[in-house]
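Proteins get letters first, then strands, A, B, ... in listed order; numbering begins at 1 in each. No experiment lies behind these values; they were computed from the predicted model shown.
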Number of protein chains: 2
Amino acid sequence: MSNDSPSAPAPTVREVAQLAGVSPMTVSRTLSGGKNVRAEVQQRVLDAVAALGYHRNENARSIRPGHSSGLIGVAITNLANPYYGQFALGVEEVVAQHGRRMVLGNSGEDLGRETQLVADFVGRQVEGLIVVPTGGGAEHLQPARLGQIPVVLASRAVEGLEADTVLLDDVNGAYEATKRTIDAGHRRIAFLGNAVSVSTASRRFDGYSRALTEAGLAVDPELVLRGQQDVHAARIAMERLLDLADPPTAVFSANNRNTIGALHAIGARQRAGALPVTPTLVGFDDVELADLMQVPLLIVSHDPRALGAEAARMLLERLDGPAADSPPQLVELPVSVGRLPE
Amino acid sequence: MSNDSPSAPAPTVREVAQLAGVSPMTVSRTLSGGKNVRAEVQQRVLDAVAALGYHRNENARSIRPGHSSGLIGVAITNLANPYYGQFALGVEEVVAQHGRRMVLGNSGEDLGRETQLVADFVGRQVEGLIVVPTGGGAEHLQPARLGQIPVVLASRAVEGLEADTVLLDDVNGAYEATKRTIDAGHRRIAFLGNAVSVSTASRRFDGYSRALTEAGLAVDPELVLRGQQDVHAARIAMERLLDLADPPTAVFSANNRNTIGALHAIGARQRAGALPVTPTLVGFDDVELADLMQVPLLIVSHDPRALGAEAARMLLERLDGPAADSPPQLVELPVSVGRLPE
DNA sequence: TTGTGCGATGGTATCGTTACCAAACTCGAC
DNA sequence: GTCGAGTTTGGTAACGATACCATCGCACAA
C-alpha cells in the first residue's frame, strides 16, 4: 500500500519501530517469536511490517556472533548436463529442509573459475561447500584456505585432499557391466570416455580394463578413445570406431555425453543403411529415451539426485551433527547394472 | 600454514591488521585497490592475509550504504527438467560476467514454496529476481512486497503483474507447427499439454487451436488432453489417445515432458507390434535423441540457455542500465519450427 | 628556515540487527 | 498499602567493514 519515494532504500527495523510506536528491540523480538511482547503490540508491529513491506536483513543478522548465513555454496562443472541439474536438485531439497539456501555456480570444467567461485562463496560466509571438482588442482580447497568451512566433494575425488567425498561405485559398475558384455560373447569391446583427469573417467576405465584382464582379454589401444567432453566429440569418436577395419562388437561408454554421441553415430549409419552389424552399447549414466533406440543397450544406472542429497546430508552432518570433527568419510553409492537384451 | 585453534572463527580485518602491524583501514585500502598505500606495506598486508586465510566478509560489506550484495535470486519450477538446467546456466553465465552470483531455488511448481523462496531472497538483499512463476498467484511478486527490487519473469507471464517478462513465441510456434501438420494432410490432430494454469501451456494451445480453426477444422474435445505434468502422466494420456476407436493421425505435444511420454507410449506399442499406424508427433521443446526415434517427428525448437541469458540481461539493464525506470518490457524470443519428414 | 602541498596512515562513526542489562510496570500475597 | 516476583519495554554496545575526516611526515619551493 505504500511506496514512498521512487528510489527508497529498503525499510529498516527502525522505521518499522517508529511506525508501530515501539522500540527497534520490540520489533526484533516480535519477529523472532514474540516472547515477552504483548499480543496487541505484536499486532501493531506486524501491521507496520506489512505496510512497509519490511524484510529482515539477513546479511546484517549474519554478522552477529553465533549467527550463521544459512547459505551452502555449490560448485558444479556443467549445468548443461541434465545429470547435474538433478544433482543440484538433490542438494537443494535437502538443504532447504534444514533451513539453508543453495548458492549455485557453474565452473564449466575450468579450474580457474572453480577457484574463483570457491573464494567468492567463502567471502559470502557460506556455512559449507559442495564441490564437483574439475580436477587438476586442489590448492583452493585445502583447509588452510577455507578456514573452518567444511567441504564435501561429490562425484569425483581429488588426490591430496582430505575431505568428505561421495562417489558412485564407478569401478564395480563398470566392471560388472563389462563382465556381462564379455559373458554375452563379446571379445572386441571399445571404450569411450571423457577427460582422463576426471576421476570418474579413470575409475570407470579401471573397472572396464579389470574385467577384460580377468577374462584374459587384452586392452586394445585402438579401441580406447578418451577425452570426449561433449556429444559432438563423442559422435566423432564413435564414427572412428565404426570405420575400423575390424570394428568392435560392443562399446563401453563412460558417461551420458559419450553414450548420446555414440547413439547418434549409430543411428545415422543405420538410417543410411551403412551399418552391417549394430554394435552393442554399454553406457554409464541414464539417458532419457535410450531404451527406445534400435540398439542393444546395457545401462549402468544411478540416481544423481540421490548423489546430491547424500552430499548435502554429509555436509549437514558436519554442520549440525555431533561428530563434526570425525575423520573424513568416503561414501560410494551403489549403481545398478541392467541386463543385456535377449 | 596456520590453523590456530580447532574451531577458530574466521579471521577479521582487525586480526590481519594486527599481524601486519597496521590499522584495519590500511588493510581495507590495500584490499580494495591499494590506492595511497606504500608498496612495502601492501606486501605485509597481503602476506598476513595469506597467512591467516582471510576473506573479506561480503555480508558485512553489503550492509554499508551504497554497497550492494551482488546476488541475483533465481526461482525456477523444476530443476529435474533439463530445460531448466540450461536456463539456469544461461542466467549464471550472464550474471557472472557482471560480477554477480546466482542464488538458485527450486519451487517444484508449488506456489507456497515460491513465495517462501522470494521472501528469503529479499531478506538476503538480492539485487534482483528472476522467476519462472508457477502461476496461480502474483501477490508475492507485487512491487509493494518487493520494495525496489526489480523482477524479471521468464518463460511464463503472470496476469495482473507489471514486470519485465521474457517469453518464447509460443503462440506462433504452435500455430506454425500445427499448420504444417495440417498442410501435410492430417485432419485428426490431438493435443497433449501440461497444467492449464501455466501460461506457456495455454499460449501453445491457443496457437494449436487457431491453426485448426483457420483450416476449418474443429477442436475435438476427445483429442485434447491437458494437465500432464510429468513423463509418466503423459505416457498414460498418449495411450488413451492410441486406444480411441478413431485415433489421431498426429499429436501436438506442448512440452518436452509430454513429448517423451508420448514417445514411450508409441515405442512400447511398436515393439509389441500393436500399432497399425504410427502417428506423427509434433512437439514443443527439444528432446535429446528424439531425432533418432522411429516416429515421424516435428520439433518446435528453441534455446533455453538463451532464454535465461536474455532474462539476466533484462534484469541487469534495470540494475546497471541508464533507463532503470522505463516501463516494463515484454520480449518474445523466436522459436524455430522444423520440417516434417518426407 | 619556514611554508605549502600531497601522500600515507589512523581514529571514529556508521550500516541493520540483536544480546545483554536496566528500568518500568503488572499482579497477587500479606 | 507494601513488597517481591515476573513480565514487558527500551537503551546501549557489538558484530565486520569502510567513508570520512584528521593527523603526520616528507619533499620541494621560496
Side-chain angles (χ1 to χ4, degrees), chain A residues 8-45 48-49 52-71 120 122-127 147-149, chain B residues 8-45 48-49 52-71 120 122-127 147-149:
Chain A
T12 74
V13 70
R14 222 184 298 274
E15 297 167 54
V16 174
Q18 190 167 19
L19 184 58
V22 296
S23 79
M25 265 314 297
T26 300
V27 174
S28 174
R29 262 189 286 256
T30 301
L31 293 178
S32 30
K35 268 274 176 241
N36 292 346
V37 183
R38 279 193 350 244
E40 184 239 328
V41 175
Q42 288 198 39
Q43 194 52 54
R44 280 214 317 273
V45 170
V49 165
L52 294 175
Y54 170 78
H55 291 80
R56 276 203 292 214
N57 184 330
E58 288 297 328
N59 290 347
R61 293 187 84 196
S62 79
I63 69 171
R64 300 193 46 76
H67 201 286
S68 49
S69 70
L71 290 176
D120 188 276
V122 174
R124 289 184 194 286
Q125 310 302 110
V126 296
E127 293 184 55
Q148 294 305 310
I149 303 177
Chain B
T12 73
V13 69
R14 222 183 300 273
E15 299 167 53
V16 175
Q18 191 166 19
L19 183 58
V22 296
S23 78
M25 264 316 296
T26 300
V27 174
S28 173
R29 262 189 286 255
T30 301
L31 293 177
S32 30
K35 267 275 177 238
N36 292 348
V37 183
R38 271 186 312 155
E40 183 239 329
V41 175
Q42 287 197 40
Q43 195 51 56
R44 280 213 318 273
V45 169
V49 164
L52 295 175
Y54 170 78
H55 290 79
R56 277 200 292 211
N57 185 328
E58 288 296 328
N59 291 346
R61 295 187 82 196
S62 80
I63 69 172
R64 300 198 45 80
H67 201 286
S68 48
S69 70
L71 291 176
D120 188 275
V122 175
R124 289 183 197 284
Q125 312 301 113
V126 296
E127 293 183 56
Q148 295 304 312
I149 302 177

Q | Whole angstrom value for the distance that separates P of C/dG16 from CG of A/N57 | A | 8 Å
**Q.** Any donor-acceptor pair under 3.5 Å from A/E58 side chain to B/D120 backbone
**A.** no
Q. B/R14 CZ to C/dG11 P: how many Å, rounded?
A. 11 Å
(Q) Please find the pair of heavy atoms, one from B/V45 and one from B/V16, that lie closest to each other, and give the distance. (A) O-CG1, 4.1 Å
Q) Taking the side chain from A/Q42 and the backbone from A/G34, do they hold a donor-acceptor pair closer than 3.5 Å? A) yes
Q: Return the minimal non-hydrogen interatomic distance between A/R29 and A/K35, and the atom names on each side.
A: CD-O, 3.9 Å
Q.
What's the closest nucleotide to the side chain of A/V41 if the choices are D/dT9, D/dG16, C/dT9?
A. D/dT9
Q.
Near DNA chain D, counting only heavy atoms under 4.0 Å, which residues of residues 58-66 of chain B show up?
A. B/A60, B/R61, B/I63, B/R64
**Q.** Distance in angstrom units between B/H67 NE2 and D/dA17 P, rounded
**A.** 12 Å
Q: Work out which heavy atom in B/S69 is nearest to a heavy atom in B/V126; give both atom names and the distance.
A: OG-CA, 3.8 Å
Q. Measuring from B/R61:CZ to A/R124:CZ, what's the distance to the nearest 0.5 Å?
A. 10.0 Å
(Q) Mind checking if A/R56 touches a base, just sugar-phosphate, or nothing, with heavy atoms under 4.0 Å? (A) sugar-phosphate
(Q) Between A/S28 and A/P24 (side chain of the first, backbone of the second, donor and acceptor by atom type, cut-off under 3.5 Å), is there such a pair? (A) no
Q: Measure from CD on B/Q42 to P on C/dG7 and round the result to the nearest Å.
A: 15 Å
(Q) Can you pull out the residues from residues 25-39 of chain B that lie within a 4.0 Å heavy-atom distance of DNA chain D? (A) B/M25, B/S28
Q: Please answer whether the main-chain N or O of B/T12 pairs with a side-chain N or O of B/E15 as donor and acceptor at a distance below 3.5 Å.
A: yes
